[in-house]
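Worksheet for the structure shown next.
Residue numbers begin at 1 in each chain, while the letters A, B, ... track the order of the sequences. In this text, all values refer to a predicted model and were calculated from it rather than measured experimentally.
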Number of protein chains: 2
Amino acid sequence: MSKEVPAIAEIVDLLSKKWVMRIIWELREGPLTFRELQVACEGLSPTVLNNRLKLLQVNQLLGKDDVRGYVLTAMGLELLEVYKPLNHWAKRWQANRKQK
Amino acid sequence: MSKEVPAIAEIVDLLSKKWVMRIIWELREGPLTFRELQVACEGLSPTVLNNRLKLLQVNQLLGKDDVRGYVLTAMGLELLEVYKPLNHWAKRWQANRKQK
DNA sequence: GGTTGCGCTACTTATTTAGTAGCGCTATAG
DNA sequence: CTATAGCGCTACTAAATAAGTAGCGCAACC
């Protein structure tokens, strides 16, 4: 069994790469093309976008749509669901900081 | 209302910085000193550790313990709770990838 | 007053991300 | 045809971020 990498460590590492979560987020409503993604991410450079798309495909969080662009896989969609509670927490956190 | 930064964006940005989540994770069981954190994070350089500690303090996710080292604030602990579902998802995700 | 361990800074190097130009391909229009 | 327009993407350079290593200033203890 040697040196199992804990799943949580692996995903935190992946999600820590810049733009990864943002790209997933932008695909929440359906497929987007390479250039649409670039625009959605405020002009993110094609270099990084391409790297991220490869990375996310290898990790099966997104794939190419039959018709056009990139789409989230079932796993990718689930990840978004899992992130929802974080959204709620984030709002309280933000409010909390502003008090001080 | 001008240019509100969505809370989720802000926190994703923060958590995307390397070692941030890891440091929070390592503090889950109680306070650790600067050097203990370095060891826990496998020799993470003091430069980055110090940066992250400042960042996390400003953002009220951790603070200095009265007695020794650094501890999570209430908000920091809550963030860990929120991350638990991600852990479960991550395990399924990892298993899923290995099949192929 | 010498030693030990602490939090931390200063400095250099390596890795990651950003920015910009433009290629090769396909599809549609003139 | 050919031309022109948009696409996914690569190549190259520059800037920002992180890693690595040495060691300082301070406090506690002997």
Sugar-phosphate only, base, or nothing, as touched by A:Arg68 at under 4.0 Å among non-hydrogen atoms: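 Contact class for A:Arg68: none.
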
Sugar-phosphate, base or nothing in reach of A:Leu49, heavy atoms under 4.0 Å: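 Answer is nothing: A:Leu49 stays at 4.0 Å or more from every strand.
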
d([atom1], [X]; [atom2], [N]) in whole Å:
X	N	atom1	atom2	result
A:Arg22	C:dT17	CZ	P	16 Å
B:Trp19	D:dA19	CH2	C1'	10 Å
A:Leu55	C:dT17	CG	P	10 Å
B:Lys17	C:dT16	NZ	P	16 Å

Under 3.5 Å, is there a donor-acceptor pair between the side chain of [X] and the main chain of [Y]?
X	Y	answer
A:Asn96	A:Arg92	no
B:Thr73	B:Gln60	yes
B:Arg97	A:Val58	no

Residues A:Arg28, A:Glu81: salt bridge by 4.0 Å N-O rule: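 Salt bridge flag = no for A:Glu81 with A:Arg28.
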
Verdict with reasoning, B:Trp89 to A:Ile11, per side chain to side chain contact (heavy atoms under 4.5 Å, CB included): CA-CA 10 Å; B:Trp89 175 89; A:Ile11 194 65; 3.6 Å; yes

Earlier contact from the 5' end, DNA chain D, for B:Glu42 and A:Lys18: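 Looking at DNA chain D, the more 5' nearest nucleotide goes with A:Lys18.
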
Nucleotide-resolved protein contact map, nucleotides 5-13 of chain D, B/S/- at heavy-atom distance under 4.0 Å: --BBBBBB-

Can you give me every donor-acceptor pair (side chain of residues 29-42 of chain A, partner residue at least two apart or in another chain, under 3.5 Å) with its distance?
residue, atom, partner, partner atom, Å
A:Thr33, OG1, A:Glu36, N, 3.1
A:Thr33, OG1, A:Glu36, OE1, 3.4
A:Glu36, OE1, A:Thr33, N, 2.8
A:Glu36, OE1, A:Arg68, NH2, 3.0
A:Glu36, OE2, A:Arg68, NH2, 2.6
A:Gln38, NE2, A:Leu44, O, 3.1
A:Glu42, OE2, A:Arg22, NH2, 2.8

